[in-house]
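Inspection log for the structure reproduced underneath, given as structure tokens.
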Amino acid sequence: MKSEPSEVSIDDLASRKSVPWFGVRNYQARNFMRDQMQVGDQAFFYHSSCAEPGIAGICEVCAPAHPDSTQFDPDSPYFDAKSSAGNPRWVCVDVRFVSKTRLIPLTELRQHGELAGMQLLQRGNRLSITPVSSAEWQYITERLMRGKDRG
DNA sequence: GCCAACGTTGGC
DNA sequence: GCCAACGTTGGC
């Protein structure tokens, strides 16, 4: 799950009980949250659009998909005039902090052939939420996150 | 700021 | 339904 750290960083997540994954305005990413993600599922927390993009930690889904309140807020950059309370277009799950890991840069992820199939790493990928296979999850958590914690 | 890639929109 | 134009994402 990608987040711009200037909006919500792994430290921001750690300081809060939970955070709604607001602002997703892409149907595929929305559908992942609505149809695939369940309470208890874990995800990599990825810092995007920043100096050092990469995986910064792990989070866990703690509430199933519900309407994203920012779509109804005219002052929000995520406001959607075509959505309505009766028929909300955008939903989001809530996530909570699990752990902060060393920052695993995108460039490092690309160096591992075992991860070449990750949707995150595919050319032109723009989805803010992408699936991770169990093999990929295992490889990253057991082999890449085992290094010294550099904060 | 550039630009590749891809999603959305809207005229037809 | 096609497709050109336009907008957005996000790494670099």
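Chain identifiers are assigned alphabetically (A, B, ...) following the order of the sequence lines, protein sequences preceding nucleic acid strands; residue numbering begins at 1 within each chain.
Two different hydrophobic clusters hold V91(A) and V93(A) under the rule that ILVMFWY side chains link at heavy-atom gaps under 4.5 Å.
Atom CG in L121(A) sits about 16 Å away from atom P in dA5(B), given to the nearest Å. Residue D80(A) contributes atom CG, which lies 13 Å from atom P of dT8(C) at whole-angstrom precision. Atom CD in Q122(A) sits roughly 15 Å away from atom C1' in dA4(B) (whole-Å rounding). Rounded to an integer number of Å, the gap from OH of Y46(A) to C1' of dG10(C) is 8 Å. Residue Q28(A) contributes atom CD, which lies 19 Å from atom P of dT8(C) at whole-angstrom precision. In this structure, L109(A) places its CG atom 13 Å from C1' of dG11(C), rounding to the nearest Å. If you measure from atom CZ of R89(A) to atom C1' of dG7(B), you get 14 Å, rounded to the nearest angstrom. In this structure, N125(A) atom CG and dG11(C) atom P are separated by 9 Å, rounded to whole Å.
As judged by a 4.0 angstrom heavy-atom cut-off over every strand, R25(A) is placed among residues making no nucleic acid contact. E4(A) comes within contact range of no nucleotide atom at all, as no heavy-atom separation falls under 4.0 Å.
With hydrogens and angles disregarded, a donor-acceptor distance shorter than 3.5 Å links the side chain of R110(A) to the backbone of L121(A).
Comparing dT8(C), dG10(C), dG11(C) against the side chain of R126(A) picks out dT8(C) as the nearest. Distances were taken from every side-chain heavy atom of L106(A) (C-beta onward) to each of dG10(C), dG7(B), dC12(C); the shortest belongs to dC12(C). Across dG7(B), dG10(C), dT9(B), the shortest atom-to-atom separation from the side chain of S49(A) is found for dG10(C). Here the nucleotide nearest the side chain of R110(A), chosen from dT9(B), dC12(C), dT8(B), is dC12(C). Taking only side-chain atoms of Y27(A), from C-beta outward, the nucleotide of dG10(C), dG7(B), dT8(B) with the closest atom is dT8(B).
Between Y78(A) and the phosphate of dT8(C), there is no side-chain N or O to OP1/OP2 separation shorter than 4.0 Å. Contact check, R123(A) against dA4(B): no side-chain N or O comes under 4.0 Å of OP1 or OP2.
Of the candidates T130(A), V24(A), L120(A), K2(A) forms a side chain to side chain contact (heavy atoms under 4.5 Å, CB included) with just one, namely L120(A).
Proximity of R25(A) to Q71(A): side-chain heavy atoms (C-beta onward) are separated by under 4.5 Å at one or more points.
Aromatic ring pairs are classed by plane angle as parallel below 30°, tilted from 30° to 60° and perpendicular above 60°; the pair F45(A) and W21(A) is perpendicular.
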